[in-house]
Structures are given as C-alpha cells and as structure tokens.
Amino acid sequence: MTPIQIDFGKQERVVGIDLGTTNSLVGYMDAAQHPSVIPGEDGDKLVPSVVTLTRKGDVIVGNKARAALIDEPDRTVYSIKRLMGRGAGDVQEELKLFPFRIAEGSESVIRIQLGERTFTPPEISAFILRQLKKNAEAFLGEPVTKAVVTVPAYFNDAQRQATKDAGRIAGMDVLRLVNEPTAAALAYGLDKRRDGIVAVYDLGGGTFDISILKLHDGIFEVLATNGDTHLGGDDIDNRLIHIALEDVHSEWGKDISHYGDAVQTLRRAVIEAKERLSFVPATNIEFAYKGKKYQREITREVFEKLIADIVDRTLGPCRNCIKDAGVAVEQIDEVVLVGGSTRIPMVRNAVETLFRAKPHTDLNPDEVVALGAAVQAGILSGTVENQLLLDVTPLSLGIETMGGVVSKLIHRNSTIPASATETFTTAVDGQRNVLIHVLQGERELAKDNRSLARFDLKDIDPLPAGMARIEVRFLIDANGILNVTARDARTGKEQSVDIKPSYGLTDEQVEAMISESIDRAEEDFRARQVAEARVEADRILAAVDKAKQNDAYLDLTDQERNDITRALNELLVVYHSDDHLLIRAKIEQLNNLTMKLAENMINTAVSSALKGTKI
C-alpha cells in the first residue's frame, strides 16, 4: 500500500493532544526535538475535561469549570469521553452518578442538557479541544490548526469517528488518531531500542488499555491490544462515593445523593483522599454540607480491599493480550505504566507480579500520552524523521455470505493502515442487486456479530448464478475508520460506504465479544459447517431442479429418474438437521446419481453447438 504523502509546506506546526476522561493536555516538539506539554492560562499543564455553560450563556473549560461543579452541577459536564460514540442505553449506570441529564429524544444520539441548551458529546469535547488550541496558540505565538489526537486502543469505530468529529467542530484538522498506549511508547523513547517487546498498561480515568508492542529497527508494531472501555479511576471514585453516601445517610438520616452540589463536593473529598493514599498509609475523607460534617478514616489496607476487584478486572485483558500477541511473559522486556490511576501502589504491585518485571514510572503518568502524541505530531510534520508507527484493529471485519456465515477480510490484530480484497459471486440467476452486509466480531455466524452497515451494489449484469464477479474491498485508514467498496468486475460499477455508526458497542458487548468467540469456538465452527453444507445443498437442489427441465433428463431410464428423486427427497429430509456430515453424505449421493444427467446435458449442448457451426 502506497503511503500517503502529506505536504506541510513550511512545516506548519502540528500539536499532540491527549483528550482524556479526567484531564486533557496538549504537547509539541520543541526546537531541540524534545516533546513538552504546554501550560494553560493558569500555568497548569493539566486541563480538567470539564465544561460549564454559565447562566450568562458563556462556556468555560478546565479548572474554572471544575470549580463550578459545586455551584452549577446541572450546567456542568465531566467525563464526556465515556459518552463519546455511544447510545443512551449504553450509559445508564454512569448517568445515575452524573449531575447533568440527557435531553429528551436521545435514543440514538446522546444530547446533554446544560441549562436551556443541549449538546452532543462531540460538541462538548470540541469545547475542550478549543481550549487546548487556545493554550497552544498563546504559548507558541502562531495559529494551530493541525493535531494528532490520542484515543484508547480499544475505542471502536463509532468512538473514533466521534473524536474526529469533535476535532472538526473545534476547527482543527485531526491528521491522525493514535492509540494511547502506542503514544506512551513513543514518549519513553522506545524507538532508541533496536529490538524488544514492551507492554503498555494504561489505567486512566474512564478507560483501561493494554498493548503489547514489538520494536525492531525503529519500527513500532502493536502485536495485540485489549482492554475495557468501561473501566478506570472513575470506577474507584464511584466505589468510594457510594460508601460515603451510605455513611452520610446513616449518620445524618438524610439521602444527599440527589443533591448535585453535595455529591460533587463529596467527590472532590474522596478523590483527594484516594490520591493521598498513594503516599501515606492512612488518611481521612472529610466532607461538610449545610452546616453538617462527615469524617471517616480510611487506611490503605481497607482501600485496597475495596478496589481489589477493580484492579483484578484489568488483569484478565492483560493475560488475553499476552496470549493474542503470541509471546510468553518472560519475553516481555519492559512494562510501561500510563494514567493517573497507576500511581496507586496496589496497581503497580499487581502489574509487577503479572509481568514479573518492575514497571517503568520515570515519566509523569498524566503527561506521558500527550508527550507521545507530540512525538507523533513531529513525525507527521517532518520534524521527527526515521520513525514509523503501526497500529492494529482490535476486532475482525468481514461481510455476510450465503448461509449467514461471515467471511473475514481483515482479521483481528491486523496492522493498520490495512486493506483487503476478495471476490464473491451471485446466488440467483439474473440477479441485479447484491446486498453487502458489513460485520465486526470474532464469531462464525453473522447473527452473532456486530452489524456495522448494509448497502446495495445495484444494476450488476444479470448473469447466471455463480458467474458474476463482485470485488469487495476493505480499507482501514490510519485512524481506524473503515471504508468498504463493492465493484462489479464486469461493468466497473461500484458502491462504497464509510462506516460511521451512530453509537458504539454496549459495555457487555465490548467485554464479551472476544472471550465469547473463544468460549464458543467449537460450537461456532460446527454451526458454520452446517450452514456451509446447507448452502452446498441449495446449490445442487437448484441445479437438479433446473436440469429436470432439460431434454437430457428424459433420456434417463425410469430407474435412474426414480433414484434421483429418492436422493433428492432424502437430502430434503436431512437439510434442517444439525449434522453437517449427514447433509454432505446426501449431497454426495445425489451428486453421484446425477453424473450421467450432467454428461447427457453437456453432450446435448455440444451437439447443438456443432449443428449451428458452419464449416
């Protein structure tokens, strides 16, 4: 595949952006080719991913907006990344804890009600991106219109597209979306190693990602990715908040969970206590509301018991990722920690135990992704040379074929950008349209996978079944966005579609798709064998039915015709059974009994052709 050449003219500035769940950052490559994070108006490098619509109608972002969470909880939104590219039905549990509410009519596309106005998640994210853009322009003293933006490695197509949409709304050209763990590898300068295998463990505010990267001669190749789009530091915060709310209810005799300002004040107290526990053995959660005070001591030991299951949930994807990468734990040379939640000692100990190596924590885990994004921005702008970055697609992509089975064109963990082309044919004589059903997932049958899109290739040549040649091409660009093109090889007519789903997978689907495909592999393979056997049965049944209309059928003896009819009926009897061997046995029997009929038809056709030939 020919790489795309991007001409930046005078090397227009490209920045790297970490659009995070809790905090967002923007970085750039300085004159010495070192990545740096740009501070904001208040001097803080971290811009809280919080947006407030004031009563005057102004939009504020960052620390000022976070402060407004207490006084204006119904006008303030945070953790918007958890809603990107998802439907309202996917996020009901989160919405119970958020002070903001979803506007009516948000079944397919979420709209958030802030005061008298409504916004989609990409629009909210665009406000954050605009603030980062403003910070960069003030610091660099020049316009900034191009950026590299990072996303969790396990973001699906809808979530990636929503991120690109946010950039467009913010007035920025998002040149590339880069997986966050991959960006971290760049930040750590792993390209300086000649060879090696590295695990990047990223536990952020709202998402968890694990990637296994292989390094060879400066090339980064992601061997495998895994993770959970519904797991992060927010879950730890919510666990502590629930406990504190129950304590307050018990002590005060009042449920304050419906008071947004109270919950946000308590959230801040809980987060501060959590952060202190990374450095001290015990601390207090202290909270005051309307003249009443709540205080509870929490030790690191108790804290670790409370969050043990959350930490354990990160280890399963790690083990699966190691397996998918085809490496042993002993072969992993380095482990990199990313995300603020990796400061928790229990997390670091769990990672060290699993990977049997002390993880790298040299860089600020909150900044490392933005630093890597800045390096990638430098690569794209030409500032940084001799580096190449390869990412992977986390789930297989294919189309539905006859019998409801899936033909996978691009397999899971294929490096991207990627393309694949396969040729298919028609199932019915004179067929003019072909339905292309695009699927994502690991199961063998179409019904068990995620449907991404359906479109028709129209006005193809009406040829006999099996004669048409339909070329289907899949192309995944560097951002993980899929383009599908179907083309009639005979006429050149084609139809294409960019896959931009209205919302993403539910949490259960994201977590279950891969493990379910493994658990049901044997069952799925049997189902596929049955489906394929039935497709073959359909072909021979249709062929025999057509042949019976031919004069050659009349040349058979009565016994031969009776044998064919009996074999036909026996195939129809077993057609709906789940025994693919039995179906294929009856197909073979019918095939053998119709061999003479096929020979007679060929001879008749040849004779007719010879009679029509003039010598």
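Residue numbers start at 1 and run along the sequence shown.
- Considering every non-hydrogen atom in both Ile17 and Leu129, the closest pair reads CG2-CD2, 3.8 Å.
- For the residue pair Asn483/Thr485, the side-chain donor-acceptor check at 3.5 Å is satisfied.
- With rounding to the nearest 0.5 angstrom, the CD atom of Gln440 is 5.0 Å from the CG atom of Leu452.
- Proximity of Val178 to Val149: side-chain heavy atoms (C-beta onward) are nowhere separated by under 4.5 Å.
- Between Asp18 and Ser24, every side-chain heavy-atom pair lies at or beyond the 4.5 Å cut-off.
- For the pair Asp237 and Arg268, the salt-bridge criterion is not met [side-chain N within less than 4.0 Å of a carboxylate O].
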Evaluate side chain to side chain donor-acceptor pair (under 3.5 Å) for Thr21 paired with Tyr78, printing each intermediate quantity in order.
-> CA-CA 8 Å; Thr21 305; Tyr78 59 90; over 6 Å; no
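- Side-chain contact check for Ile124 versus Val77: some heavy-atom pair is nearer than 4.5 Å.
- With contacts defined as side-chain heavy-atom distances shorter than 4.5 Å, the pair Thr76/Val51 does not qualify.
- Between Lys274 atom NZ and Arg267 atom CZ the span is 9.5 Å, to the nearest 0.5 Å.
- Among all heavy-atom pairs drawn from Phe474 and Val484, the shortest one is CE1-CG1, 3.5 Å.
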Hey, mind stepping through Ile344 and Ile307 against side chain to side chain contact (heavy atoms under 4.5 Å, CB included) and telling me if it holds?
-> CA-CA 11 Å; Ile344 298 172; Ile307 68 169; 4.2 Å; yes
Carefully, step by step, assess Ser79 and Asp234 under the rule side chain to side chain donor-acceptor pair (under 3.5 Å).
-> CA-CA 9 Å; Ser79 294; Asp234 286 354; 3.0 Å; yes
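- The two residues Ala350 and Val311 have their closest heavy-atom pair at CB-CG1, 3.8 Å.
- For the pair Val61 and Val50, the minimum side-chain heavy-atom distance is 4.5 Å or more.
- Under the 4.0 Å criterion applied to side-chain N and carboxylate O atoms, Asp366 and Lys45 are not assigned as salt-bridge partners.
- Atom-to-atom distance recorded for Leu203:CG and Thr342:OG1 is 7.0 Å, nearest 0.5 angstrom.
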Could you go through the side chain to side chain contact (heavy atoms under 4.5 Å, CB included) check for Arg13 and Glu142 one step at a time?
-> CA-CA 8 Å; Arg13 179 80 68 177; Glu142 60 183 271; 3.3 Å; yes
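- By the 4.5 Å heavy-atom criterion applied to side chains, Thr163 and Asp165 are not counted as neighbours.
- Checked against a 6.0 Å centroid threshold, the rings of Phe208 and Tyr201 count as neighbours.
- Of all heavy-atom pairs spanning Val15 and Ala136, the tightest one is CG1-CB, 4.4 Å.
- Looking at Ser49, its side chain does come within 3.5 Å of a backbone N or O of Gly20 through a donor-acceptor pair.
- Using modelled atom types, one side-chain atom of Glu137 and one backbone atom of Val144 make a donor-acceptor pair closer than 3.5 Å.
- With contacts defined as side-chain heavy-atom distances shorter than 4.5 Å, the pair Met172/Lys146 does not qualify.
- A side-chain donor from one of Glu442 and Ser396 sits under 3.5 Å from a side-chain acceptor of the other.
- Not a single donor-acceptor pair under 3.5 Å links the side chain of Asp202 to the backbone N or O of Asp209.
- Although no hydrogens or angles enter the test, the distance criterion places no donor-acceptor pair under 3.5 Å between the side chain of Glu367 and the main chain of Asn364.
- Here the straight-line distance linking atom CG of Leu19 with atom CG of Leu132 works out to 7.5 Å at 0.5 Å rounding.
- Put simply, the side chain of Asn349 gets close to the backbone of Pro345: a donor and an acceptor are under 3.5 Å apart.
- When atom types are taken as modelled, the side chain of Glu123 and the backbone of Thr120 share a donor-acceptor pair closer than 3.5 angstrom.
- Within the 4.5 Å cutoff, the side chain of Leu380 has heavy atoms near those of the Arg176 side chain.
- We find that Asp235 and Arg82 are joined by a salt bridge, their nearest charged nitrogen and carboxylate oxygen being less than 4.0 Å apart.
- A salt bridge links Lys134 and Glu41; the closest N-O separation between the charged side-chain nitrogens and carboxylate oxygens is under 4.0 Å.
- Shortest non-hydrogen contact noted between Gly227 and Pro317 is N-CB, 3.9 Å.
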Dump the intermediate steps for side chain to side chain contact (heavy atoms under 4.5 Å, CB included) on Ile399 and Val472, then the final yes or no.
-> CA-CA 9 Å; Ile399 67 169; Val472 178; 4.2 Å; yes
Trace of the side chain to side chain donor-acceptor pair (under 3.5 Å) decision for Asn226 with Arg319 = CA-CA 9 Å; Asn226 211 304; Arg319 296 187 184 97; over 6 Å; no
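- To the nearest 0.5 Å, atoms CD (Gln159) and CG (Leu177) are separated by 12.0 Å.
- Smallest separation of non-hydrogen atoms from Ile210 and Ala199: CD1-CB, 4.4 Å.
- Ionic pairing of Lys81 and Glu180 is present here: one or more N-O contacts between side-chain nitrogen and carboxylate oxygen are shorter than 4.0 angstrom.
- The CE atom of Met346 sits 12.5 Å away from the CG atom of Leu277 when rounded to the nearest 0.5 Å.
- The backbone N or O of Arg473 sits nowhere less than 3.5 Å from a side-chain atom of Arg487 that would complete a donor-acceptor pair.
- A donor-acceptor pair is defined here as one N or O able to donate and one able to accept, closer than 3.5 Å; no such pair exists between the side chain of Thr314 and the backbone of Ile310.
- Here the side chain of Asp30 pairs a donor or acceptor atom with the backbone of Gln33 at under 3.5 angstrom.
- Between the side chain of Ser381 and the backbone N or O of Gly378 there is at least one donor-acceptor pair closer than 3.5 Å.
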Intermediate values then yes/no, side chain to side chain contact (heavy atoms under 4.5 Å, CB included), Asp44 and Asn63 = CA-CA 9 Å; Asp44 195 344; Asn63 285 311; 3.6 Å; yes
